[in-house]
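Here is the structure we will look at.
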Amino acid sequence: MTTLKRVDVHVEGVVQGVGFRPFVHALARRLGLAGRVHNDVNGVHIEVEGALAGVEEFLTALERDAPALSEIERVTVVSARPTGHNGFTIAAGLPSGPLRPLVRADGATCDDCLRELADPADRRHGYPFINCANCGPRFTIVRGVPYDRPLTTMAGFGMCQACAAEYHDPGNRRHHAQPTCCPACGPRLRLRDARGTELCGDPVAGAVTLLRAGRVVAVKGLGGFHLAVPAADERAAALLRGRKHREEQPFAVMAADLAQARRLCEIDEHAAELLTGRARPIVLLPRLPGAPVAASV
Ligand SMILES: [Zn+2]
Ligand SMILES: [Zn+2]
């Protein structure tokens, strides 16, 4: 008979909102181990038991194969008495103790989500709030820890059946993706005029028409509003600058992709990496002579 080994493992670092619990779940199942995993206020807590070799392999793989977006700071392992229970489960977060913000920063939409966004056959085709366990909002939507949907700004959006099925499927890219949603159950876009009256028609197409006409469009994003004008339109850029009462502040230019950005600025390898990385920061770049960007920008 195999000797059972049980350990309590506590993982600290950036381990919430990065697909860590599904990773632990899959790893334990693969190694035939029992137990459970849950988020707590300062990380992820795992109870795992099974054959000694399996538990040892689990502890090695836990750090070696951790999800790309996680940053493990510390792993604490304590031996415990085996219970003989079967199965491995993902338990809901148990809030207690002092809060430490260890939720990941928001991440740019991943390639898989972009593919779905552009796919007319996908149920999230054209849906601007598309996200998955590998991308999307994190820190900005968090109202408390542990990082679970009830403590995010998505709490008011109940998942539809299709989204819930993905959320609970360990083989799905949206397994335990807290902000997952779709056109049937998630937030929707609206376009309003300056008086707050909702304009009919497609909000994106409507915004594009307004921008092309040189109007200022306020785009409500995850963390606030972007005030947008066409970057090449001097009159519109000057209008926005005047209204903001900012004479000196540089404006950020949004580009659809790297190819478009290369037509505006000098971009070296390091800058290209920053511009396409998960964080998508604003990058200060030398402007190309003759780039179609208004002087007021
Ligand atoms: Zn994604
Ligand atoms: Zn849905």
Side-chain angles (χ1 to χ4, degrees), residues 14-27 39 44 65-71 90 92 102-143 146-190 202-204 219-223 226 254-261 272-282:
V14 178
V15 288
Q16 297 193 12
V18 292
F20 206 86
R21 286 177 298 176
F23 154 69
V24 169
H25 180 258
L27 179 62
N39 282 343
V44 166
D65 303 338
L69 303 178
S70 63
E71 285 161 30
I90 297 180
L102 282 167
V103 178
R104 184 92 198 183
D106 302 342
T109 311
C110 73
D111 290 345
D112 288 330
C113 283
L114 287 176
R115 248 191 306 281
E116 290 172 351
L117 184 73
D119 177 3
D122 193 275
R123 65 192 191 89
R124 292 185 180 86
H125 177 230
Y127 183 58
F129 303 98
I130 190 167
N131 68 81
C132 74
N134 304 323
C135 76
R138 295 291 182 273
F139 193 79
T140 308
I141 59 165
V142 163
R143 287 178 161 156
Y147 175 68
D148 275 317
R149 193 171 179 106
L151 286 177
T152 72
T153 56
M154 290 299 290
F157 296 92
M159 274 181 236
C160 68
Q161 267 187 2
C163 285
E166 293 168 343
Y167 179 89
H168 292 292
D169 173 7
N172 194 285
R173 199 171 92 247
R174 295 191 169 87
H175 186 213
H176 275 255
Q178 301 307 328
T180 189
C181 58
C182 76
C185 66
R188 283 169 208 200
L189 278 185
R190 288 193 186 88
D202 173 40
V204 174
V219 184
K220 190 179 186 189
L222 291 166
H226 282 117
M254 294 187 274
D257 52 30
L258 205 52
Q260 196 183 65
E273 222 167 84
L274 284 171
L275 287 169
T276 53
R278 184 180 191 271
R280 300 285 160 96
I282 294 171

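Start at 1 and go down the list; that is how both ligands and their atoms are numbered. Residue numbers start at 1 and run along the sequence shown. Note that the structure is a prediction, hence the values are computed from the model and not measured.
Using cut-offs of 30° and 60° on the angle between ring planes, the pair His168 and His176 is perpendicular.
Remark: at the Zn ion (ligand 1), atom SG from Cys132 and atom SG from Cys113 enclose 110°, rounded to the nearest 10 degrees. One finds an angle of 120° at the Zn ion (ligand 2) between SG on Cys182 and SG on Cys185, to the nearest 10 degrees. The Zn ion (ligand 1) is the vertex of the angle joining SG of Cys135 and SG of Cys110, which measures 110° to the nearest 10°.
In this structure a side-chain-to-backbone donor-acceptor pair under 3.5 Å is missing from Asp169 to Tyr167.
Taking backbone and side-chain atoms together, Cys181 has no N/O/S atom less than 2.8 Å away from the Zn ion (ligand 2).
Ion pairing of Glu166 with Arg124 is present here, as a side-chain N (NZ or NE/NH1/NH2) and a carboxylate O approach within less than 4.0 Å. Remark: Arg174 engages Glu116 in a salt bridge, criterion side-chain N to carboxylate O under 4.0 Å.
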